[in-house]
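Shown next, in structure tokens, is the structure this report addresses.
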Amino acid sequence: MSGTITEKILDKHLVEGKKEPGSEIAIRIDNTLTQDATGTMAYLQFEAIGIDRVKTELSVSFVDHNTLQTDFRNADDHRYLQSVAQRYGIYFSRPGNGICHQLFLERFAKPGNTLIGSDSHTPTAGGIGCFAMGAGGLDVACSMAGAPFRIKYPKIVGVRLTGKLQPWVSAKDVILEVLRRIDVKGGVGKVLEYFGDGVKTLSVTDRATIANMGTETGCTTSIFPSDEITKAFLEAQGRGGDWIELIPDDNAQYDEIIEIDLSTLEPMVALPHSPGNVKKVREVGKIKVDQVAIGSCTNSSLRDLKVVANTLKGKTVAENLHVTISPGSRQVVEHLVRSGEYLDIVRAGARIMENTCGPCIGMGCAPSSGAVSVRTFNRNFKGRSGTADAEVYLVSPETAAATAITGYLTDPRELGEFPDIKMPDKFIVNDNMILAPLPPEEAEKVEIVRGPNIKPLPQFDPPEDVLSGKVIIKVGDNITTDHIMPAGAKILPLRSNIPEISKHVFEAVDSGFYERAKSYGGGFIVGGENYGQGSSREHAALAPKYLGIKAVIAKSFARIHMANLVNFGIIPLVFSNPDDYDSIDMDDDIEIQIGDLSHDLFLHNKTKRINIKLEHSLSAMDAEILLAGGKLPWIKKSMSGGK
Ligand code: MIC
Ligand code: SF4
């Protein structure tokens, strides 16, 4: 039976494996996307695999994360990315064109396709019925080289939407409600598949907002049907030919059901410092706010910014408040300019930024010390804004605009009547900032340009039979990749320079980590539940590996980060009994005999003179990759017929 949308797509793309939740499957990947901050590493790895041209139906390289260009390093990355795209048959979206997920939705995403992207919010394309997943750059490189992508067959959770959202309540409030119910690890191993009559009341960009921030539940992806509304969106983008209908069968069976009556939802807010810490805005009360930041891949569509423009129209942003707006794409900007709504925003005193990730990843507009920042973004991890003691609240564009006017956290329903929002019948399509792939004869002649900031990939040896060393750090639950490998304006330019970026590992958590890792010659990390949640950045595995980390022993792992650990030869191990977490401390001397990783393992804590039983959920192939010293040596061997 293949009643759900998820099953329909997975059935069509299945290359290997059984349709049983938790068992490993391999699927064919139609499309890939990368962004600049993860892209340089992904393409260095693609080059190292040694394929002449991408083997996917379509691959796109975006530049949206780091466009500050405070010196040559960033510009070097952009130049490298453009030349590599032209060399290997990849579309290239030039800096300034927009945020990868918004652009992919507008210009490339197809219902029924599979997509992996080197960014954790790749599931945004689930809003159009595409099965889209975040992955590490190396996995994306492998899929560009034609390799299938491996995931655990997910549990399929049906999220039944009924009713219709009230005025001033929007898609962001829906996903905040999902997060309120299932929190930041409630989606692990699952696909959130939306169905029911309420779906018809949501536009494609509303659906994309929900699918985008579904990432924060830890799910494999989120997906919506492709229906008449999807068709109208694609037609309005001049891409009607890309539409197919994709709806669940009447007798579709879901592993679990979540019921949401849209008409009962109210404006919601995620409080510091977790996207899962959700309350109703009216319950939280009137907190004084210092900054409002609107945009990000979650809430920067034309619809969202029209709501903001029409709410701000004729008003001035509150005194002492600093308001920024980062539109999702040039298409969005062009519409706002032509309709005059851009002027409404400018006149209200909001600062319109570039069409990039901007403040969402700490690229400028950091809040002041101890500030309260209200954002339409998807993550509010401590320090991510660039200010360690800032308090970040996540809300809808409606709540952000209302807050911008009053200066304190405001339930937008207090503003009275909802403005009349007019969406265009056709979008203004202008792809002049997207370079199409060159034909093979021309592509072959393209010279790849590498500046001094593009350092060669580090090489790693296979692991020893007995791993030994000290615990270099012990951390708690829900450690994010932002904790492990921070981003922001200072560190993002180092993404293609592993020796330099590795100096910043765990910087905000424990400034002694780098020195200890160096002086001990590497060792181990001990973590709690959901270790590595958040971003797909493989630097959170690659840089620790460079510092000699051999294994991470945790209570549980987030999906993408665990795959990245395997890809770079760091062994992800789990305590058989979670209480054993308490019997291991920083600086303990430990030893683990790994053998061929086919058995349960024991950790010998030499300092405490105890043995601790460990487990892992590695597949046979993961074990092979780890024993080969990582995925790059492994794939090179397998592609040259060495296995
Ligand atoms: C993020 O939102 O954390 C990022 C920056 O987009 C990351 C990717 C990266 O670290 O480059 C993500 O979500 O995967
Ligand atoms: Fe960019 Fe923020 Fe979206 Fe990540 S979450 S892709 S940094 S806008």
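What you see below is based on every heavy atom in this structure, not just the backbone, and it leaves out hydrogens, waters and symmetry mates.
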Report task. List the steps, then state whether ring-ring contact (aromatic ring centres under 6.0 Å, His included) holds for Tyr91 with Phe108. Result -> CA-CA 10 Å; Tyr91 283 85; Phe108 298 104; 5.4 Å; yes

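- With sequence neighbours excluded, no residue forms a ring-ring contact (aromatic ring centres under 6.0 Å, His included) with His539.
- Put simply, the side chain of Lys490 never gets that close to the backbone of Ala487: no donor and acceptor are under 3.5 Å apart.
- A salt bridge does not link Lys279 to Glu177: none of the charged nitrogens lies less than 4.0 Å from a carboxylate oxygen.
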Report task. Check step by step if side chain to side chain donor-acceptor pair (under 3.5 Å) holds for Arg330 and Asn432. Result -> CA-CA 11 Å; Arg330 280 187 322 135; Asn432 65 339; 2.8 Å; yes

Report task. Mind running side chain to side chain contact (heavy atoms under 4.5 Å, CB included) on Thr201 and Leu165 for me, showing each step along the way? Result -> CA-CA 8 Å; Thr201 67; Leu165 292 168; 5.7 Å; no

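- Counting heavy atoms from C-beta outward, Met133 and Pro123 have side chains that stay 4.5 Å or more apart.
- Within the 4.5 Å cutoff, the side chain of Gln533 has no heavy atoms near those of the Asp482 side chain.
- Side-chain polar atoms of Thr34 and Tyr43 form a donor-acceptor pair below 3.5 angstrom.
- The backbone N or O of Gly383 sits nowhere less than 3.5 Å from a side-chain atom of Thr387 that would complete a donor-acceptor pair.
- With respect to the salt-bridge test (charged N to carboxylate O, under 4.0 angstrom), the residues Arg239 and Asp242 qualify.
- Counting only N and O atoms by type, the side chains of Asn530 and Lys185 include no donor and acceptor under 3.5 Å apart.
- Residue Asn212 holds its CG atom at 15.5 Å from CZ of Arg207, rounded to the nearest 0.5 Å.
- Considering only heavy atoms from C-beta on, Asp304 stays 4.5 Å or farther from Thr205 through its side chain.
- The structure places CG of Asn97 at 8.5 Å from CD of Glu106, a figure rounded to the nearest 0.5 Å.
- Remark: Phe46 pairs with Tyr88 by the ring-ring contact (aromatic ring centres under 6.0 Å, His included) rule, at least two apart or across chains.
- Ile294 CD1 to Ile325 CD1: the interatomic distance, rounded to the nearest 0.5 Å, is 4.5 Å.
- Residues satisfying the ring-ring contact (aromatic ring centres under 6.0 Å, His included) criterion with Phe377, sequence neighbours excluded, are absent altogether.
- Between atom CG of residue Asn74 and atom NE2 of residue His78 there is a gap of 4.0 Å, rounded to the nearest 0.5 Å.
- For the pair Asn378 and Leu394, the minimum side-chain heavy-atom distance is 4.5 Å or more.
- Between Tyr194 and Phe224, the two ring planes are parallel [angle under 30°; tilted spans 30° to 60°].
- In this structure a side-chain-to-backbone donor-acceptor pair under 3.5 Å is missing from Ser511 to Glu507.
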Report task. Give the intermediate values and the outcome of side chain to side chain contact (heavy atoms under 4.5 Å, CB included) for residues Val429 and Arg107. Result -> CA-CA 9 Å; Val429 173; Arg107 307 303 311 139; 3.2 Å; yes

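- In this structure, the side chain of Thr221 engages the main chain of Ala132 through a donor-acceptor pair within 3.5 Å.
- Side-chain N/O atoms of Asp206 and Ser203 include a donor and acceptor closer than 3.5 Å.
- Counted by atom type alone, Glu216 and His121 present one or more donor-acceptor pairs between their side chains at under 3.5 Å.
- Among residues two or more places apart in sequence or in another chain, the side-chain hydrogen bond (donor to acceptor under 3.5 Å, both in side chains) test is passed with Ser61 by none.
- Counted by atom type alone, Thr67 and Glu354 present one or more donor-acceptor pairs between their side chains at under 3.5 Å.
- Without hydrogens or angle criteria, Ser329 side chain to Val332 main chain gives a donor-acceptor distance under 3.5 Å.
- With contacts defined as side-chain heavy-atom distances shorter than 4.5 Å, the pair Tyr342/Ile352 qualifies.
- With a 4.5 Å cut-off on side-chain heavy atoms, Val269 and Leu176 do not count as touching.
- Under the 3.5 Å distance criterion, with hydrogens and angles disregarded, no donor-acceptor pair is assigned to the side chains of Ser120 and Ser536.
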Report task. Could you please spell out the steps behind the side chain to side chain contact (heavy atoms under 4.5 Å, CB included) verdict for Ile175 and Val178? Result -> CA-CA 5 Å; Ile175 189 59; Val178 172; 3.9 Å; yes

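- Crowding of Glu417 atom CD: a count of heavy atoms from other residues, nucleotides or ligands under 6.0 Å not exceeding 12.
- Distance OG1/Thr311 to NZ/Lys306: 12.5 Å, rounded to 0.5 Å.
- Counting only N and O atoms by type, the side chains of Asp77 and Ser496 include a donor and acceptor under 3.5 Å apart.
- Tested against Asp389, the residues Ser368, Ser369, Pro367 include a single side-chain contact (heavy atoms from CB on, under 4.5 Å) partner, Ser369.
- Put simply, the residue from Val449, Ile448, Asp36, Asn453 that forms a side-chain contact (heavy atoms from CB on, under 4.5 Å) with Tyr80 is Ile448.
- Between the Thr410 side chain and the Tyr408 main chain, a donor and an acceptor come within less than 3.5 Å of each other.
- Proximity of Pro452 to Asp76: side-chain heavy atoms (C-beta onward) are separated by under 4.5 Å at one or more points.
- Contact record, Ser300 with Pro327: CB-C, 3.9 Å, taken as the closest heavy-atom pair.
- Side-chain contact between Leu234 and Ile128: present, with at least one pair of heavy atoms (C-beta onward) separated by less than 4.5 Å.
- With hydrogens and angles left out, the side-chain atoms of Arg303 and Ser301 include no donor and acceptor closer than 3.5 Å.
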Query raised in the report: Would Thr32 and Val60 count as a side chain to side chain contact (heavy atoms under 4.5 Å, CB included) if you check the C-alpha gap in whole Å, the side-chain angles of each, and the deciding distance to 0.1 Å?
Result: CA-CA 6 Å; Thr32 64; Val60 195; over 6 Å; no

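- Residue pairs that meet the salt bridge (charged side-chain N to carboxylate O under 4.0 Å, His left out) test with at least one member in residues 401-411, sequence neighbours left out, are Asp411-Arg413.
- Between the Gln35 side chain and the Thr38 main chain, a donor and an acceptor come within less than 3.5 Å of each other.
- Under 3.5 Å, the side chains of Gln291 and Arg375 contain a donor-acceptor pair of N or O atoms.
- Under a 3.5 Å cut-off, the side chain of Thr56 and the backbone N or O of Asn31 do not form any donor-acceptor pair.
- Legend: residues meeting ring-ring contact (aromatic ring centres under 6.0 Å, His included) with His335, ordered by chain and number and at least two apart, are Phe427.
- Shown here is Lys313, whose NZ atom has no more than 12 heavy atoms of other residues, nucleotides or ligands within 6.0 Å.
- Panel note: side chain Ser385, backbone Gly362; no donor-acceptor pair is recorded below 3.5 Å.
- Between the side chain of Asn564 and the backbone N or O of Ala541, no donor-acceptor pair lies under 3.5 Å.
- Going from atom CD of Gln331 over to atom CG of Asn355 covers 11.5 Å, rounded to the nearest 0.5 Å.
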